[in-house]
Amino acid sequence: MDLKATFISGRTVDQGCNLENKTSKAYFDAAGYCEMNSADAGKLGVKPGNNVKVTTDFGSVVVPLKICEGNPDGLIFIPMGPWANAVVDPNTCGCGMPGYKGIPAVVNPSSDTAPTMQQLMARLK
Amino acid sequence: MIIKDVLCPFCGCLCDDLAVEVENNKVVDVKHACKIGASKIRGHDRIKAPMMRDDKNGEFREVSYEEAINESARILAKSKRPLLYGWANGLCEMMKKGILLTEEVGGIIDNTASVCHGPSALGVHEKGLPTGTLGQFANRADVVVFWGCNPVQAHPRHMGRYSVFNKGFFANKGRRSRKVVVFDVRKTDTANLADEYVQVKPGEDYMVLSALRAIVAGKGDVVPDTVGGVPKEKLAEVAETMKAAKFGIVYFGMGLTQSRGKYKNIDNAVSLITELNAHGKHSIIPMRGHYNVTGFGNVCAWETGFINAVDMSRGYPYYNPGETCSNDLLMREEIDAAFIIAGDAGAHFPAQSIARMGKVPVIQVDPFHNPTTEMANIVIPTKVSGVELEGTAYRMDGVSLRMRKLVDVDFPSDEEVLDKIIAKVREIKGASS
Ligand code: SF4
């Protein structure tokens with residue numbers, strides 16, 4: 001089962017609290033998750049805490065699921081940080097700003113473990 | 001000892017009413033700050049000493065400041081196209097030095113705004129910015145619009161101090177003096193506190209702004225039944241609310257700058273304000289993130305004429321954001337060294353850009369271990385500005401304020417490190433020319 005979605009990223013209080021604490025488990029908990037509403041989670045057959053894989057044209061990332069009923073159907077959110085960056089669009093369309101919001105994505109249930117910050121960065125060097 | 005009237009070195013609200021208790025040179029309590037500000041002032045694990053490694057996958061070895069600074073200077077001096085990025089999490093005094101270093105090495109200086117409100121600056125270049133100070137908005141605004149921003153999460157005291165719940169001279173009944181409208185693609189915690197929530201389809205803010213402009217201008221007949229997922233009746237209602245304001249303010253965030261349209265969204269939002277100013281008094285202001293990101297824009301503008309993304313390789317300042325912003329430089333594989341200070345490119349750039357940074361020598365100046373450290377060859381720890389160092393910062397509305405020092409530490413300041421690198425670069429370049 002997969003869910004076609006629109007991806008956005010953004011700030012949260014907890015992500016902010018751990019902005020200078022990025023090697024910690026607290027930062028992972030604050031920035032390494034994907035939010036969607038319970039109807040979308042139901043369609044995917046996943047529960048909060050289960051891992052999902054988010055894939056876009058620019059990459060994929062496995063993170064645990066959280067529920068947020070404020071998200072309309074088909075809108076998924078990952079807080080700004082390395083997990084979101086794995087799937088955002090690097091193209092700036094000539095204005096300097098990459099595409100961090102509004103990216104078409106596909107979400108699947110996943111049995112893989114979510115990468116730590118260090119594991120994510122290790123992929124890039 | 002309790003230090004009063006402390007400024008918070010976290011977000012662009014630059015709250016200036018904190019009381020910090022310090023005992024034996026340690027922060028033991030932080031009063032009046034939000035959870036994020038308190039967390040920053042209380043502090044986190046630090047990088048203890050300068051470190052270097054040749055192989056990014058290898059282990060760091062501790063080195064002296066002198067060795068790390070000399071090696072950084074050597075890398076920058078021999079680099080043909082170095083990128084000097086970050087700056088927003090530091091004080092104006094160090095930013096000035098950063099611009100000087102960029103000039104010395106013929107590099108490109110860019111700050112965190114390029115992945116934040118950089119597009120807002122482009123919108124402002126096109127249309128200007130009818131704005132004001134947070135104090136004016138706090139005292140006067142009776143209609144408050146948050147567009148694509150979520151202060152409950154990103155600027156937690158904003159609504160309490162400046163925009164919604166505070167009592168103002170004219171808006172003297174606090175929350176009851178104001179109508180609050182939120183435009184966002186999802187029902188955020190901020191939207192939950194609003195009188196009116198307008199749910200916009202992702203990427204369609206530009207159209208919603210255009211429809212509002214048409215309605216405010218009395219041309220509502222050209223607007224279709226729904227725009228960007230919003231029914232026309234709802235847009236007409238919100239337009240009436242905005243028109244009826246004695247003093248209306250629009251606060252906007254990444255929901256506009258990072259989604260489709262980017263700077264054109266800001267251009268259009270400013271045009272809406274111009275339209276509204278035929279009816280009342282209206283202002284607009286970006287919700288700036290880092291506590292001194294506005295400071296960088298100011299320092300860079302008075303030093304170079306431009307607010308960020310300034311290329312010094314020609315021997316004079318050159319600015320063309322889609323060409324000279326960090327992510328464009330990285331994606332074109334143009335740069336051959338990166339100097340990251342007071343901003344964490346590793347945590348906030350798209351994976352592909354960071355992978356390009358992985359191919360060149362990376363120097364990091366920062367108190368904390370973060371994703372940039374993972375990509376770095378040289379790491380130089382410094383003081384936490386605004387906690388361990390005093391200096392100047394600019395609030396999101398462009399008001400400059402003096403940050404205080406709360407505790408003493410042995411680390412050097414960013415400014416001291418930059419001074420030493422500049423001196424060494426001059427020595428190397430002088431010797432080779
Ligand atoms: S709202 Fe911003 S400036 Fe004020 S205390 Fe919180 S983080 Fe600090």
Side-chain angles (χ1 to χ4, degrees), chain A residues 6-24 26-27 31 35 37 58-59 61 68-72 74-77 79-82 84-104 117-125, chain B residues 10-11 34-36 39-40 43-45 56-57 114-115 118-119 122 150 152-154 156 185-189 191-192 199 202-203 254-255 257-260 262-263 289 309 321-322 324-328 331 344 346-355 357-358 367-371 374-375:
Chain A
T6 302
F7 164 90
I8 61 167
S9 62
R11 289 183 211 280
T12 74
V13 164
D14 290 333
Q15 170 263 334
C17 288
N18 289 288
L19 215 62
E20 297 184 337
N21 192 28
K22 292 190 184 116
T23 53
S24 67
Y27 182 57
E35 251 179 19
N37 70 26
F58 315 101
V61 68
C68 174
E69 300 300 0
N71 290 6
L75 190 90
I76 59 166
F77 171 88
M80 61 188 279
N85 291 340
V87 298
V88 300
D89 178 359
N91 187 356
T92 83
C93 304
C95 78
M97 172 66 85
Y100 290 105
K101 294 189 199 284
I103 301 159
M117 178 278 274
Q118 285 88 344
Q119 286 165 343
L120 270 176
M121 300 314 287
R123 289 188 201 169
L124 305 176
K125 51 184 177 179
Chain B
F10 188 85
C11 87
C34 70
K35 199 174 158 193
I36 312 181
S39 165
K40 166 141 189 188
H44 298 286
D45 276 350
K56 286 183 202 281
N57 286 304
S114 86
V115 291
L122 294 177
N150 185 8
V152 171
Q153 296 286 333
V185 296
R186 60 189 193 122
K187 195 160 193 210
T188 59
D189 298 329
N192 283 324
Q199 185 162 316
M254 306 297 86
T257 64
Q258 293 184 337
S259 57
R260 186 164 55 149
K262 296 177 184 168
Y263 72 98
T324 56
C325 272
S326 303
N327 277 283
D328 297 277
M331 291 306 290
D344 184 3
H348 298 132
F349 284 179
Q352 276 105 320
S353 314
I354 306 166
M357 207 168 80
F368 303 102
H369 186 129
N370 57 33
E374 298 292 315
M375 311 306 287

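Just so you know, these numbers use all the heavy atoms, side chains as well, and skip hydrogens, waters and symmetry mates.
- The contact between A:Leu19 and chain B is made entirely by side chain atoms (from C-beta outward), counting heavy-atom distances below 4.5 Å.
- Of the possible donor and acceptor atoms, one in the side chain of A:Lys125 sits under 3.5 Å from a partner among the backbone N and O of B:Lys56.
- Judged by distance alone, the side chain of B:Lys262 and the main-chain N or O of A:Met97 form a donor-acceptor pair under 3.5 Å.
- For a residue to count as touching a neighbouring chain, one of its non-hydrogen atoms must lie under 4.5 Å from one of that chain's; by this rule A:Thr6 touches chain B with the side chain only.
- In this structure, the separation between NZ on B:Lys187 and CG on A:Asn71 is 12.5 Å, given to the nearest 0.5 Å.
- At a 4.5 Å heavy-atom cutoff, the contact between B:Glu374 and chain A is made by backbone and side-chain atoms alike.
- Residue A:Met117 touches chain B through its side chain alone, counting heavy-atom pairs closer than 4.5 Å.
- Contact annotation for B:Thr257: both backbone and side-chain heavy atoms come within less than 4.5 Å of a heavy atom of chain A.
- In this structure, the portions of A:Phe58 lying under 4.5 Å from any heavy atom of chain B include both its backbone and its side chain.
- Using a 4.5 Å cut-off between heavy atoms, B:Val152 touches chain A through its backbone atoms (N, CA, C, O) alone.
- When atom types are taken as modelled, the side chain of A:Tyr100 and the backbone of B:Val115 share no donor-acceptor pair closer than 3.5 angstrom.
- Neither the backbone nor the side chain of A:Ile103 comes within less than 4.5 Å of any heavy atom of chain B.
- Only the backbone of A:Asn91 comes within contact range of chain B, judged by heavy atoms closer than 4.5 Å.
- Checked by atom type and distance alone, the side chain of A:Asn85 pairs as donor or acceptor with a backbone atom of B:Phe349 at under 3.5 Å.
- Both the backbone and the side chain of B:Met254 come within less than 4.5 Å of a heavy atom of chain A.
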